[in-house]
Amino acid sequence: MMIYTCTMNPAIDLFMAFEQYEPFNVNRSIYEDYQANGKAINISFILKKMDIKSTATGFLGGFTGEYIEQQLIENSISVNFVKVDGITRINTFIRSGQLEYKAVNRGPEISQKAQEALIQHIKKLTSQDILFVSGSLPKGVSDNIFVTIAKLSERQGFSLILDISSSRLMDCLPHRPYLIKPNNEEMAHLLGIPKLESKKELVMAAKTLLDKGAERILVSRGEKGALYVDKENVLFATAPKGKVVNTACAGDTMLAVFVGKILKKENLEEALICATAAGSSTAFRAGLSDLEDIPLLKQQIQLKRGSSE
């Protein structure tokens with residue numbers, strides 16, 4: 001079995017903290033950190049911390065792309081990116097007191113030739129493989145690419161895991177993705193519902209997506225924890241308490257740990273508890289969790305099994 005993570009719009013994330021952040025002034029940071037990032041790249045990093053090998057793919061360009069590839073290689077993560085013209089983006093996350101500012105760039109324009117090269121990579125996957133596709137799309141890439149990949153997963157038999165905010169996710173569901181990971185807002189948007197507030201509404205919405213073809217659904221709920229639903233199980237996990245520093249990568253951490261625990265033959269309950277703890281661990285720091293505080297955070301989490309009727 002091989003695991004692949006596909007990030008089509010990766011980034012270097014610059015985390016900065018300020019005592020005060022004021023417009024029109026020169027604001028000097030009290031902390032800064034640069035990290036190779038992108039939703040599926042984060043998944044590769046977390047899987048590596050769990051001693052699970054993966055190969056990172058997607059699009060990279062310029063000196064920033066070289067930095068990201070170097071960081072992956074230094075962490076003993078295999079790479080198979082399509083090289084593109086332009087410069088992979090830099091995103092900036094600023095923390096000032098209780099406020100968080102997020103400046104996210106669009107990224108370079110991706111040619112049709114580069115897109116076809118990525119699809120050719122994916123066409124080599126077999127029924128023994130797992131593919132994570134996560135994050136936004138760069139300029140020039142239509143969200144039809146998600147449906148193309150979903151069709152390939154159905155035809156070739158590899159397990160597809162999707163964490164995307166595109167409404168085209170609904171068109172991927174008939175091709176039976178192994179797992180999807182929306183948050184509350186994304187799931188409501190997919191179903192044309194203003195809000196999903198109660199647990200009952202969340203479960204009903206998740207079951208609607210199951211009926212449309214998703215095999216499993218993991219819903220990240222921020223400070224409220226997480227929900228997992230499949231045809232036989234409905235599981236809610238509460239979130240541990242702590243000071244939120246940065247929410248950018250928490251969902252990626254949750255997804256990686258959940259799937260990683262399943263691959264390590266843990267039961268669903270333990271996988272969801274560990275995943276929820278791991279997501280919170282990342283939210284409580286500037287970068288990705290080192291997973292060392294998971295045993296402590298797990299003690300705060302309550303798991304409740306709902307009805308699958």
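We use all heavy atoms of the structure for the numbers below, so side chains are in, but hydrogens, waters and symmetry mates are not.
- Residues that satisfy the salt bridge (Lys or Arg N to Asp or Glu O under 4.0 Å) test with K83, not counting sequence neighbours, are E69.
- The aromatic ring centroids of Y228 and F258 lie less than 6.0 Å from each other.
- Contact check on D290 versus R285 returns a salt bridge, with a Lys/Arg side-chain nitrogen under 4.0 Å from an Asp/Glu carboxylate oxygen.
- Under the salt bridge (Lys or Arg N to Asp or Glu O under 4.0 Å) criterion, E269 pairs with R305, not counting sequence neighbours.
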All N/O donor-acceptor pairs, side-chain side in residues 70-79, below 3.5 Å, sequence neighbours left out:
unit_1 : atom_1 : unit_2 : atom_2 : d
Q70    : NE2    : E74    : OE2    : 2.9
N75    : ND2    : Q71    : O      : 2.8

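- In terms of modelled atom types and a separation under 3.5 Å, the side chain of Q300 and the main chain of K241 share a donor-acceptor contact.
- Within 6.0 Å of atom NE2 in H189, 12 or fewer heavy atoms from other residues, nucleotides or ligands are found, so the atom counts as exposed in its surroundings.
- Between the side chain of Q302 and the backbone N or O of T238, no donor-acceptor pair lies under 3.5 Å.
- Not one N or O on the side chain of D293 forms a donor-acceptor pair closer than 3.5 Å with the backbone of L296.
- Residue K151 forms a side-chain contact (heavy atoms from CB on, under 4.5 Å) with just one option from V147, I149, T148, and that option is V147.
- No donor-acceptor pair under 3.5 Å is formed between the side chain of N184 and the backbone N or O of R221.
- A salt bridge is absent between R216 and D230: the closest approach of a Lys/Arg side-chain nitrogen to an acidic carboxylate oxygen does not fall below 4.0 angstrom.
- A donor-acceptor distance shorter than 3.5 angstrom exists from the side chain of K264 to the backbone of M50, with no hydrogens or angles considered.
- For the side-chain contact (heavy atoms from CB on, under 4.5 Å) with L255, the lone residue among N42, I46, L218 that qualifies is L218.
- Taking the charged nitrogens against the carboxylate oxygens, K298 and E270 do have a contact shorter than 4.0 Å, which makes a salt bridge.
- T88 places a side-chain N or O within donor-acceptor distance of the main-chain N or O of G61, the cut-off being under 3.5 Å.
- Under the 3.5 Å distance criterion, the side-chain polar atoms of D33 are left unmatched by any main-chain donor or acceptor of F15.
- Enclosure of atom CE in M204 is not indicated, since only 12 or fewer non-hydrogen atoms of other residues, nucleotides or ligands lie within 6.0 angstrom.
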